[in-house]
Amino acid sequence: MRIPCPLCGTRDRREFTYYGSEDYANRPAADAPAQAWDDHLHNRDNPCGPTRDLWYHDPCGAWVRVHRDTATHAVHGSDLVAERGQA
Amino acid sequence: MSGYRLSAGGLVDRSQTVRFTFDGLPFTGYHGDTLASALLGNGVQVVGRSFKYHRPRGVLTAGSEEPNALVEVLDGAQKTPNVRATVQEIFPGLAAQAQNAWPSRNLDLMAVNDLLSPFLSAGFYYKTFMWPRAFWERLYEPLIRRAAGLGRLSGRHDESRYEKVFAFCDVLVIGSGPAGLMAALAAARSGARVIVADEDARMGGRLLADRPEIDGMPGDLWAAQVLEDLAGMPNVRLMPRTTVVGAHDQGTYAALERVSLHRAAPGDAPREAFWRIVAKRTVLAAGALERGIAFCNNDRPGIMLAGAARAYVHRYGVAPGQRVAVFGTTDSARQTARALQAAGVQVAALIDPREDASTLEDFKVIRGAVVTDTQGRKGLRRVQVRQGSNTFALEADSLLVSGGWNPSVHLACHMNGRPVWDDGIAAFVPKPGAVPGLDACGAAAGRFSTAACLQDGLRAGLAAVADLGLAAPALTAPQAEDGSYDITRLWHVPGKGRAWLDFANDVTVKDVMLSAQEGFRSVEHMKRYTTQGMAPDQGKNSNVAALAVLADATGQTIPGTGTTTFRPPYTPVSIAAMGGGGRASGFAPQRFLTSDAASRERGAPMIEAGLWYRPSYFPRPGETGWEVACDREVRMVRSAVGVCDVSTLGKIDIQGADAGRFLDFVYTNTFSTLPVGKVRYGLMLREDGHVMDDGTTARLGAQHYVMTTTTAAAGQVMRHLDFVAQAHCPDWDVRMISVTEQWAQFAVAGPRARDLLRAVLDDLPDLPFMGCAEVGLYGIRGRLFRISFSGELGFELAVPARFGESLFRDLVGRAETLSGGPYGMEALNVLRIEKGLITHAEIHGRTTAFDIGMAKMVSPKKDCIGKAAAARPGMHGPDREQLVGLRPVQPGQRLTAGAHLFTPGEDVKRENDQGYVTSVGPSPSLGWIGLGFLKNGRARVGEMVRLVDHLRGLDLLCEVCDPVFLDPAGEKLRG
Amino acid sequence: MAELIAKSPGAGLHLPVTRGGATLAEWLPGAITSVAPFAGAGDKVDAALTPLGMGFPAPNGMAQGKTARIVWTGRGQAFLIGAPAPEGLGAVAALTDQSDGWAGLRLAGPAAADVLARLVPLDLDSFAPGTAARSLLGHMALILMRPDPEVWDILVFRSMARTAIHELDTAMVQLAARAAG
Amino acid sequence: MRYSGLRVLTEGLFGNKGWKPAWRDPAPKAQYDAIIIGGGGHGLSTAYYLAKNHGLTNIAVLEKGYLGSGNIGRNTTIVRANYFLQGNSEFYSHSLKLWEGLESELNYNVMHSQRGLINLFHSDGQRDAFVRRGNAMINQGDDAILLDREGVRRHLPYLDFEQTRFPIYGGLLHPRGGTARHDAVAWGYARGADRRGVDLIQNCEVTGIDIENGRVTGVQTTRGAIRAKKVGMVVAGRSSQVAAMAGMRLPIESHVLQAFVTEGLKPVIDHVISFGMGHFYMSQSDKGGLVFGGDLDFYASYAARGNLPIIEHVMEAGMTLMPMIGRAKVLRSWGGIMDMSPDGSPIIDKTPIDGLFVDCGWNYGGFKAVPASGWCMAHLMATGESHPVARRFRLDRFATGHVIDEEGTGSQHNLH
């Protein structure tokens, strides 16, 4: 499997550390209700199909949001977590 | 004796005789022979025994799909089981043995199973061996295990060399037959970077086995010409002896190269290399595999696939028998009969089930006929033929069978795409697009004539080139035979006896029928119930026929029955090849301290800690065991001064206008208010509210901090900080980088620490506890932190790593003049337990700030990572196990980490479990002491608990105490 | 003792070594400073680097000045190698001294790329001379530079020098033995 | 039809013509007392125990493919009860006891073989953690023996004690740990459930869950609507998709776990070996293949296939620990779809919808749980109360913080 790092280019999966769904990047406000925190930390759409998830490119230190498909392993693109659009 | 070496012909080098042994007997072959061709050339017919019934078996194929001729090669630690004799090239001194036979392949006592076969039908073992219960493990299972299996491992470490390689190309061509060569030529001439991989030692594919005429020349010569052309191009890499075994995501292919398995003395060359090939486009030109026909006793030695027989004649100059019969449903059979006759082999008859088959041959053609049975236990003697209502016998020592050809669809199916049934050829073909970027062509796509293969290969090559945006070269396919493929479907000739499908696992037509009878009617159920297709050939020879039999039994069509899943690897790959480089210390990098050599010189046993090697203790002459040394080192620190290399701790440099604010966010406590020149202990939570790590962070400047992490968590913390910065506060001005390796850092601890530092530093600054400063020493700059992990007056001195070893030697030498010296991990551990300081033994991932008595460190004034989740009801309260100190009621008793705690008087059982011990150590002043977690522990200080360690036979009473055993007011470290 | 003895990461590790068409030697790059421009300070960082004849590099980039080289080493980060940080850089970028944190190795010769292909998951044919990359050497973090077509400069963590040299040497031995067969 | 050695003999003498189908092939009825969605190991055992322990026989198991088509047939067949934390401890202990009587219970030889499981450790700290676990096992009434280095050598003389990257300090031996024949477990439960009247309906995919006023009333399937007042979702690997039909969002992320088997070999490995530092475990099947695996591929996936980095990592782990397996050839690899929960422990609980129950989140420990999972899920569905050994496997424990995190890696699904 090969993952596109927006900085370094497409690299072998072995250069990356996986975190999980992009839900982890959307942190609730400190005073958000408990349900929001439960959803942030635990509950997942867990789609069989297109998804966006978070990968760390260990060599360059960039957190990358990858647009890919969990059913086919197709990778459609990626962006930097720090510069991610809201689309 | 049946097979023999023809007096001429073949592509072997008859000028080079090669001597080898099989089952201890000497044989000779020629350079270029496989073990199978050499054995056939020597008339050896029985090469092994079958898996279940231990039937004598001979060579069936001429490729890696061979189900029968699996042998052990080499001896001692080099012994290699389950080697395909059809792939293994002979070399001088090669020693091979038959396997799965006892005492020998010719007299195998396990063959009694063959007589018991009525009772050993599919799945019989699920129905019996259950009584009495204990007999399964003691009697039945050991018997089954001994009878099963194939070859033997040596039981000794595989010390050989293996290699892994990465490669990249524009076009990967898999297979070098007519289709592959044309594809490669098209791609290469366009300027694309091309890799051509072929399983065989010699490239050319079926062109070598069939030698069809191409542009007026024999196919093998045409192939040689094209290969020479390709070899001369700098953008082409030819990889013979290389099997592409797996198609993975984004154009990544796994391939196994047999680098030196054919060499008598490989020297330092690897045995095998495991390639990871990344290709923009792939042309699958892996050809097709011939399949047999199920008839009674179709597994006897001497029965071979028809196409394989042609390969033995043309490629190796070997005849499969003295008098051969040929039986087949396609013209492959006729072609074989002709080829053998042309080579001078006596052809008994061609048996063709087609009523309209031509009889115009120089040999007898029996049309509208089938083979119904065979005779000859250790070698074929007679073939029973039925033509219409007549049955008669043919004398033959070899029967060559063709039931049609199956395209090698495997790689095209590795990404879950199922192949598609093609009724015209009665076989499955690859589903286009099933593997992105992969295009099947030639026989692999069901196009069987040489001309069609050449044209289709060219098409695939040009298509790949066009996809890549390269200019197509001017290239046309050469002229070649273009016959149509005519097949009569014949999967199974009905009869009374056993007709084999899966030779390797001994699965017969009856087994598949029984499976359907018992309700195992889906193809996956049938496979799993009968083990059809699960043997070393993975059903390459038999799966399609088995499907057909199942479809027949269940009244479904073959495509309606479907296939089982194709999974990597295409051919089996050694663990050593895929694990190349992992042997011994190669599994993970080794990290060495700058003080490593100095510690080892002092005899320190080194222990592994997060890839690093750290000294356990520094033994002195006469000291026996670690406890004596540890005791001395602890006393030394408490009474004089000790030196310890703490460079393994993670160090992260954090700078920027928002650095303080950022630290406030990742730590539970506040750092933005920390004065420059001061150090603070910080507690870091995971977002789920549990403790991630702890350590000290120093403020070096207004916008400059350096954070310390534990050794184990250094990488995790760096990744976490990057995540928080990039995901949650990307606009903050924070810059982070690891400086762990830049600094060699040494703890200098004990009442005489200042004396030691004064001798080393240009000027010892008057640092308060938790202060830091830059210092000068020996003409260089270092950093001095007044922090302590021992409870003593303590400093950590950091210098650029190049000076680490020298400074360590200097500090230790000077410490010794002050009655001090180095101390290791054991003493460090006792020192910190005496002070109730925690490590990852305590913050093991399930502990909260509340558990370790640090709830108050979670600042109420600000948000921080983990704060919200830490507020969940289950994360605090009296039901939680809390950090406590433990000391035995009877002085001198030993404690053990891993023991569990109980309330005295209660039964020792899970329901009553009160907690457990995490760390223990022998304190010179207090005896054995420990840290542990106890339910509602802080409220129970002063109570007795019962400590039980079943595994080490310990059961004693302890007093619960505060985790800080020594100097609770901290007078020593502030002194 | 009047002074501390400086020890290079590769000291005692039996370099240089030549096997077949590749030579592995210790490479002593001199001063290494990490440069991470502060927010919005990109232009100022470029300006501060101008005296060295270089600017802040793009990803996978490397610039070679007369005495020094600057190499992209990660998101918002580069290593200035071979010269001290120029005046004023520290005010516009976070700097750290990395001179002692890395073991430098130089692999050179016609077989060098084939040796690296045993350990580095990069397309080395497409790795243009004068560029750099962050990647892996086996299981180790790697900064790889290709100053010349047949010269590869390698930085790995100092503590891993022994493993890196062992793995490179093993690849060299096996590659050379293949050629011999 | 009762299976026995005598039956095998008599059938063998008469051409094996008398064997009957292992289970019926019924058409779905319009209504059942209870429906189990999922004909894998857990679903089949749930149905079996609903019928056997609770007398509910008007029930159906709905399977979208063939019985046992999920992870029950794609695992490394390890059976053990060696947990540390309360919740897991009592549950897996219960499961192991059920395993120990499974052949006679089911009249089916599932080839449960207590070959002994050895967890290796490589430092003092790891030893203490394993001792803590071993003591918990004994406190629970199970078995554990601490082996020092020489003890490990006696059992596993072929390990590399000299050069391996992480030196072997010792091991924790769990004598009752072992393996079983995975498919046989599914088939044995299926046959047992069928014999008690349960309808096992294959090729019947659930496409919707009918809910009225907060109560479940039945399911929609590719073979029509089926009414039932109780529905159990036992569909590890597809839990999120099925739960979504009921409007639920589960704390589950699906991951791929690869496993491997080599060509057959004469007996060489007797135990189950677990090498935590390398994330590697191995045993040898009765057919002679070395069966082994490692860690997840670590990215969310439903593709049931993996990639090379983890494959290589697993092989490298094998080579550093026991290089005598180097020349064994991997015959086949496969990938299972794992329901990864945020604490690595499963869920057996009611849902906010009346009559709808969920059994999921088995991470990669589901095989050994098959008997107890079915036992406890059946108890829950029949009585409406959690079984005592499964009462901590609550759906709301993540919200409340009562997590059961054996690995201590926190709320990141792929780290367990």
Side-chain angles (χ1 to χ4, degrees), chain A residues 1-4 6-7 9-42 53-66 68-76 79-85, chain B residues 164 166 168 247-253 276-280 414-417 433-437 652 665 686-690 715-716 718-732 734-738 859-875:
Chain A
M1 178 179 268
R2 296 178 65 76
I3 305 287
L7 299 175
T10 299
R11 296 294 184 87
D12 193 284
R13 182 263 174 276
R14 74 191 70 218
E15 292 192 0
F16 294 82
T17 299
Y18 185 78
Y19 189 6
S21 154
E22 69 168 333
D23 292 346
Y24 283 126
N26 304 322
R27 191 171 186 268
D31 57 354
Q35 180 67 47
W37 282 98
D38 194 24
D39 285 341
H40 172 63
L41 284 167
H42 308 121
D53 48 17
L54 306 173
W55 303 67
Y56 185 64
H57 190 218
D58 287 276
C60 82
W63 275 97
V64 181
R65 182 173 67 166
V66 180
R68 59 183 197 96
D69 192 301
T70 60
T72 65
H73 291 177
V75 175
H76 305 300
D79 51 8
L80 290 173
V81 167
E83 297 168 12
R84 66 192 186 279
Chain B
K164 291 204 282 197
F166 295 100
F168 295 77
H248 297 274
D249 289 307
Q250 279 80 40
T252 306
Y253 291 83
R276 286 72 54 97
I277 303 172
V278 179
K280 291 186 182 134
H414 279 179
M415 293 197 188
N416 298 343
V435 170
I652 300 171
F665 190 34
R686 297 188 307 235
E687 191 71 280
D688 72 1
H690 293 89
Q716 182 197 2
M718 188 74 221
R719 203 157 53 228
H720 170 69
L721 297 184
D722 271 339
F723 182 75
V724 173
Q726 294 173 38
H728 302 328
C729 42
D731 300 331
W732 295 6
V734 188
R735 300 293 178 264
M736 289 174 285
I737 187 169
S738 169
S859 167
K861 295 182 195 149
K862 62 177 182 72
D863 186 18
C864 73
I865 298 292
K867 187 174 176 181
R872 290 177 290 171
M875 303 287 279

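Per chain, numbering begins at 1; letters A, B, ... match sequence-line order. In this text, all values refer to a predicted model and were calculated from it rather than measured experimentally.
- Interatomic distance, CD of Gln250(B) versus OG1 of Thr10(A), reported as 8.5 Å (0.5 Å rounding).
- Heavy-atom pairs under 4.5 Å with chain B were tallied for Leu54(A), Thr17(A), Asp38(A); the largest tally goes to Thr17(A).
- Atoms OH and NE2, on Tyr56(A) and His720(B) in that order, are 12.0 Å from each other to the nearest 0.5 Å.
- When heavy atoms are compared at a cutoff of 4.5 Å, Asp31(A) does not approach chain B at all.
- Salt bridge absent: Asp249(B) and Arg68(A) never bring a charged side-chain N and a carboxylate O closer than 4.0 Å.
- Chosen from Arg13(A), His73(A), Met1(A), Arg2(A), the residue pairing most often with chain B at heavy-atom distances under 4.5 Å is Arg2(A).
- Interface residue Cys864(B): only backbone heavy atoms are found under 4.5 Å from chain A.
- The two residues Ala82(A) and Pro730(B) come nearest to each other via the heavy atoms O-CB, 3.5 Å.
- Heavy atoms closer than 4.5 Å to chain B are found in both the backbone and the side chain of Ala25(A).
- Contact detail for Ala30(A) and Ala868(B): the closest heavy-atom pair is O-CB, 4.5 Å.
- Listed here is the closest heavy atom pair of Ala869(B) and Leu41(A): CB-CD1, 3.9 Å.
- Under a 3.5 Å cut-off, the side chain of Trp63(A) and the backbone N or O of Arg719(B) do form a donor-acceptor pair.
- Of the two parts of Tyr24(A), the backbone and the side chain both hold a non-hydrogen atom closer than 4.5 Å to a non-hydrogen atom of chain B.
- Neither the backbone nor the side chain of Val724(B) comes within contact range of chain A; no heavy atom of the residue lies under 4.5 Å from a heavy atom of that chain.
- Of the possible donor and acceptor atoms, one in the side chain of Gln726(B) sits under 3.5 Å from a partner among the backbone N and O of Gly61(A).
- Using a 4.5 Å cut-off between heavy atoms, Ala29(A) makes no contact with chain B at all.
- Both the backbone and the side chain of Ile865(B) come within contact range of chain A, judged by heavy atoms closer than 4.5 Å.
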